[in-house]
Amino acid sequence: MSEVLSWRCVARHSLMRHSWLALLMLLCSCASLFASASPAKLSNYFQESWTTRDGLPHNTINSISQSEDGYLWIATWEGIARFNGREFSILGRGPQTGLPDSGIRALRKDNAGNLLVVGARGGFIRRVDNSWQSWPAFNVLLNAVVEDKHGMFWLASEGEGLFRQAPDGSRKQYTQADGLPSDVVHSLMVDSVGRLWMGSGRGLAWLDTTQPQPQIVVVEDIPAVPVFVLAQYNDKVLAGTERGLFSWQNGQSALLNAALADLPVSSLLLSNEQIWIGTTDRGLLRYSEQGLEQLTIAGGLPNNRILSLYLDREQSVWVGTNGGLFRLRDAPFITYTAELGLAGDYVRSVMAHSDGSVWIGSSQGVSRLAGRQLETLDLSAASRGQSVLSLAEATDGSVWIGTYTDGVLLWQDGKIVRRLDRQSGLLANEIRALLAAKDGGLWVGTAQGLNYVGTDGIKNFTTTEGLPAPFIMALYQHSDGRLFIGTGAGVAIMQPDGSIMPVDFSNLDGAEYAFGFALDSGADAIWMTTDRGLVHYSLSSGELKMLGRNVGLPFDKLFQVVIDRQQHLWISSNRGILRLEREHIAAVLSGERHQLDYELFGEGDGMQSAQANGGSMPAATLAQDGAVWFATSKGASMVQPQVLKRFAANIPPIVIESLKVNGTERQLTSSIQLAAGVNRLEFAFAGLGFVMPQRIQYRTRLQGFDSDWVERGSQNVAEYTNLPPGEYRFLVSAAYPQGGWSEHEASLSFTIFPYIWQRPGFWLAIIGLVTLLGLIMLRWRLNALRRREQLLRWQVAEKTVELQQQADHLKAIDQERSALLIQLKRQAEEFEQQARRDALTGLANRRAFDEALARECARSRRNNLPLCLVLLDIDHFKQVNDSYSHSIGDEILKLVAAEISSHCRADDTVARWGGEEFAILLPNTTVKVAQDICERMRQAIMQIDCAVFAANLRITVSMGIAEFAGEAHYDKLLSRSDSALYKAKQNGRNRVDVAV
C-alpha cells in the first residue's frame with residue numbers, strides 16, 4: 001500500500017511514448033556535453049540480479065546506499081537489507097532500530113557519512129558506529145531526507161508537506177499554506193550554494209537554507225507534475241518528472257533535451273559524464289559517448305520500473321527495480337553470444353587470425369570478429385547444417401573450416417573455393433582438427449582417422465599405421481617436423497620419416513583422451529590437456545609429468561591450454577576456466593611445492609556458461625591484442641589478462657561481522673571481556689567487495705596466540721579453541737587475487753579471565769602456605785625425632801636379647817609367609833580369571849567384553865581398521881525355561897556358547913552378555929564378512945541336536961550387526977547393534993540384520 005501512495009501521481013497521467021530513434025538522434029546532437037573516456041558498451045556489462053529467493057525481504061527496491069564501512073544497504077517495504085557481497089542481513093522495526101514500521105522508503109547519508117533512513121509511519125533513524133539512533137515518528141510516510149550545511153534535517157512527506165528537524169530535535173512543518181506547490185513531496189536535494197530543492201506532486205520549488213526564515217520559491221516554467229528525482233549536474237539542477245527530464249540554471253528552466261519530453265523519469269545517476277536514467281515503465285537508459293542505450297526486461301532487467309540507482313565504490317551500477325535488485329559491472333570476461341550477433345551460441349572452436357580478427361565456429365555457422373564488428377559467413381553453398389567443429393588458417397591467410405557432417409571447406413576472398421569430404425578421399429566428414437602443414441599441405445583429423453592433403457592426393461592414417469585410436473581431436477607440428485596427434489586413447493607422435501609412435505601414458509593416472517596441445521617455448525616443452533589433468537612433455541627428454549588432482553587441481557578433464565603474454569597458463573574445462581601462475585607451475589615441476597595454486601573463473605566473472613567445449617580444435621586461442629578466447633556452450637568468452645590487474649587494484653574494506661562464544665553470539669564492542677572457562681571462539685568477517693566477492697582472500701592473526709598471519713583462502717570464518725587466559729587482539733584483512741591486502745585491518749580486542757587457580761597471586765599464596773606448613777612440620781618432626789632417639793636408647797638395651805630370640809622365629813615365619821604369598825597370588829589370578837569369565841558357559845563376561853570393546857574401538861579408530869559388533873539372542877528362550885527347566889536352559893546356553901566359539905577366531909571376543917544374550921566382537925572384519933560369519937553361525941545353531949534332553953526342542957537365534965563408524969563413545973556402537981537385533985526380532989526372529 002505504501003508503494004501505491006508513493007507513486008500514486010504516476011497513475012493520474014497517461015504517458016506518451018515517443019520514437020526511440022528520434023530520441024537517439026536528438027541526444028547525439030548534444031554529444032559535446034559529455035567528454036570522457038569511452039565507457040564499455042551497455043551490452044558488455046556483466047549483469048547480476050537478486051530477489052527474495054536470494055535473501056531479499058522484498059522485491060521492490062526503493063533506495064540503495066553504501067555506508068562508510070563498505071556495506072551496501074537496500075531499502076524495501078519489508079525492511080533494510082545489509083549486503084556484504086555474499087548474503088543479506090535484514091533489519092526491520094523493533095527496539096534494535098527504533099523503526100515504527102519495516103517499510104523503508106529512502107536512504108541517504110548525512111554530512112558525517114552516517115546512514116539516514118526514512119519510511120512508513122514517519123520512521124526516521126540514523127546509523128552511527130554500528131548502532132542506531134531514532135527520533136519520534138512523524139506518523140506519515142516519509143519519501144526523502146537530506147541534511148543541510150547547518151545540520152538541519154529536511155524530510156519530505158506523502159501528504160503533509162515538508163518537515164525541518166533541528167539538531168535538538170525540534171521540528172517545523174511547511175505546507176501549501178507556506179508556499180509549497182503540493183503537500184506531497186517526493187524528492188529533496190541541497191545544492192552547492194545551500195538551496196534546498198523540493199520535488200513535489202505538482203512541480204518544483206526551492207528555499208534558501210542559509211536564511212533563518214526561508215521563503216519557498218516555486219519554479220514556474222517546469223510543469224506542475226510530480227517531480228520524482230533531483231540531482232546536481234555541474235552548475236545545473238536536474239529534475240526528473242513525470243513528463244521528462246528538466247534542467248534549471250540561473251533562474252531558467254527547460255527540458256534537458258527535447259527528446260526527453262514526456263519520459264517518466266523516476267531516478268538519476270550521474271557518473272563520469274554519463275547520465276543514467278531510470279524510468280517508471282521503460283527500463284534503464286544511459287547516455288554516454290556510445291550514444292543512447294536502453295536496457296529493458298528483454299535485455300535482462302528484472303522489471304522495467306526503476307525506483308533507484310546507485311554507483312558503488314567499485315564503479316558498479318546498482319539498479320533498484322520493482323522486481324528485485326540488479327547490478328551492471330565490469331567483469332574479467334566478455335562473452336559474445338547469438339544475441340550479440342554470433343551465428344550460434346554453442347561454440348566449438350575459436351581461432352586468432354594473422355590479420356587480428358577472431359574466427360568463431362559454432363553449431364550454426366562461422367562468425368568473424370574484426371574490431372567491434374561481428375560478421376557471419378554464409379556456408380550454405382557447401383554445408384547444409386553449417387555446424388562447425390574446427391578452424392585453421394592457411395599460409396596465404398585463407399581459412400580452412402572443419403564441419404560436423406560436410407567435411408572441410410576453404411574460405412577465401414569472401415566465399416568457399418574448395419571442399420574436401422569422404423568422396424574426395426577423407427576418412428570421415430566429421431572434422432575435429434585441422435593443421436596447415438609446414439610443407440604447404442593440410443593435416444585433417446577426423447572421427448575415423450588422420451588425413452594428409454597434399455599436392456599428390458590424400459593419405460590416410462589409422463590404427464593400422466600406429467595410431468592409438470582413430471578419433472582425432474588435436475594436432476600440433478613442432479619446428480623439428482614432429483607431428484603430435486591427440487586421440488581418444490592417448491597421444492601419438494609422427495616422426496619426420498612417417499613412423500608413428502605412441503606416447504606412454506601408463507603412469508599418468510589412467511589418462512586417455514588428449515584434447516589439446518600448447519607449445520611452451522620458454523620451457524622447451526609441450527603442454528597436453530587430457531581427461532586426467534595437465535601433462536608436461538619435455539621436448540628434449542620425452543619425460544612426462546602429470547599435474548592433476550595430485551597437485552590440488554579441482555577436477556580432471558581439461559580441454560585447451562593458452563599461454564598468455566605474461567607466460568601464465570589459461571585452461572578451459574567443463575567447469576570453468578583455470579588460470580595458473582608461471583612461477584607456481586615451475587615450483588611444482590621442480591619439487592619445491594606440492595600443491596599448485598590456481599584461479600577458477602566462471603559465470604560470476606562474465607561467462608554466460610562455465611562449461612567450455614573441447615574435443616575440437618582450437619577450443620581456445622590467443623588473439624593479437626593479448627586477449628584469450630574460449631569456446632563455450634553459451635558463446636565465445638574473452639578475457640584480457642591485464643584487466644585482472646585492474647580488478648586486483650580494488651582493495652575491499654574488511655569488517656568483523658560477529659563473534660560467537662561457546663556457540664552464543666556476543667555483541668561487538670571496543671573491548672570484550674570473557675569469563676573463565678571459554679573454550680571456543682568463532683569470528684565471522686567479510687571483505688566488502690562486490691565485484692568478485694567469492695574470490696576475496698582472507699588472512700587473520702590473533703595477537704597473543706598466532707606468531708604470524710594465517711592464510712584463510714576464501715573462508716570467512718576463523719575458529720579458536722581452548723585459548724589460555726589472557727589479553728588478545730584479533731586482526732583480519734582481505735584482498736582480491738593478485739591484489740594488495742587491506743591497508744587497515746579490522747580488529748577486535750578481548751580478554752579471557754582466568755579461574756581463581758589460574759591467577760599468579762593464587763599460586764603465590766599456595767606456595768607461601770605450603771612453605772609455612774613445611775617449616776612447621778619440619779620443626780615438629782625434628783623435636784619428635786629427638787624425643788624418639790632418647791626413648792630408643794632406653795629400649796635398645798632391654799630389647800636386644802628379645803630381638804635376637806625373635807630373629808630365628810621371624811625367619812621361619814618369613815618363609816611361611818613367602819609360601820603363603822605365592823599361594824595367595826595363584827588364588828588371586830584364579831579369582832581374577834573367574835571374575836572375567838561366565839561360570840556357566842566359560843565365555844568372557846560383561847566386564848571382560850567391555851574392556852575388549854573399548855580396546856578394539858580405540859585400535860580401529862587409530863589404525864582405520866574395520867570392526868563389527870554382533871549381539872545374539874536365543875529366540876523364545878523363556879519358553880525353554882518355562883516348558884522344560886532351568887537346568888535344560890543352562891544346557892542350551894552351553895551348547896550355543898560352544899557353537900558360537902567354534903565359528904570365531906582367536907582374535908575375536910565372545911561373551912555372555914546376559915541371560916540368553918551373547919556379544920561377539922569381530923576385529924578387522926567388514927560388515928559383509930561379519931554377515932557371512934553370522935549366517936553360518938545361525939545355521940549351525942539350528943542344527944544343534946537337543947534330543948537327549950528335549951526331543952522336540954529346536955534352537956534358533958536372532959542377531960544384529962553394527963560396524964564401528966569412528967564414534968567417540970562405543971555405547972553408540974552397542975546401541976546400533978542392539979537396534980539391529982531388535983529389528984531382527986521384529987522381522988520374525990531366526991535372522992541376521994545389519995544396522996544402517
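Note that this is a predicted model, so its numbers are computed, not measured. Here, residue 1 is the first one in the sequence, and each next residue gets the next number.
- The aromatic rings of Phe630 and Phe333 lie tilted to each other, with the angle between the two planes from 30° to 60°.
- Side-chain contact between Lys438 and Gln477 is present, with heavy atoms from C-beta onward closer than 4.5 Å.
- For Arg695 and Phe601, the positive end sits near the middle of the six-membered ring, less than 6.0 Å away and at most 45° from its axis.
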Inset, instruction - Mind running side-chain contact (heavy atoms from CB on, under 4.5 Å) on Arg418 and Val453 for me, showing each step along the way? - result: CA-CA 12 Å; Arg418 189 179 180 187; Val453 181; 3.9 Å; yes
Inset, instruction - Begin with the C-alpha distance, continue with both residues' side-chain angles, and end with the deciding distance and a verdict on side-chain contact (heavy atoms from CB on, under 4.5 Å) for Val561 and Trp570. - result: CA-CA 6 Å; Val561 174; Trp570 296 79; over 6 Å; no
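- Asp413 and Lys415 are not joined by a salt bridge, as no carboxylate oxygen comes within less than 4.0 angstrom of a charged side-chain nitrogen.
- Note on Arg582 versus Asp520: salt bridge recorded, some NZ/NE/NH1/NH2 to OD/OE distance being below 4.0 Å.
- Counting heavy atoms from C-beta outward, Tyr336 and Leu369 have side chains that approach closer than 4.5 Å.
- Contact check on Asp556 versus Arg575 returns no salt bridge, with no Lys/Arg side-chain nitrogen under 4.0 Å from an Asp/Glu carboxylate oxygen.
- Screening residues 611-621 for side chain to side chain donor-acceptor pair (under 3.5 Å), with sequence neighbours left out, gives Tyr346-Asn613.
- The aromatic rings of Tyr476 and His478 sit tilted, their planes meeting at an angle between 30° and 60°.
- Annotation for Gln423: atom CD does not count as buried by contact number, only 12 or fewer foreign heavy atoms lying within 6.0 Å.
- The side-chain heavy atoms of Leu483 and Trp443, taken from C-beta on, include a pair separated by under 4.5 Å.
- Glu393 and Ser354 share a side-chain donor-acceptor pair at under 3.5 Å.
- Sorted by first and then second residue, the ring-ring contact (aromatic ring centres under 6.0 Å, His included) pairs involving residues 573-599 (not counting sequence neighbours) form an empty list.
- Applying the 6.0 Å contact sphere to CG of Asp355 captures more than 12 heavy atoms from other residues, nucleotides or ligands.
- Checked options Arg327, Arg286, Arg329; the residue passing with Tyr45 is Arg286 (criterion: side chain to side chain donor-acceptor pair (under 3.5 Å)).
- Atom CD of Glu339 has 12 or fewer heavy atoms from other residues, nucleotides or ligands within 6.0 Å.
- The pair Lys634-Asp345 meets the salt-bridge criterion, with a side-chain N (NZ, NE, NH1 or NH2) lying under 4.0 Å from an Asp/Glu carboxylate O.
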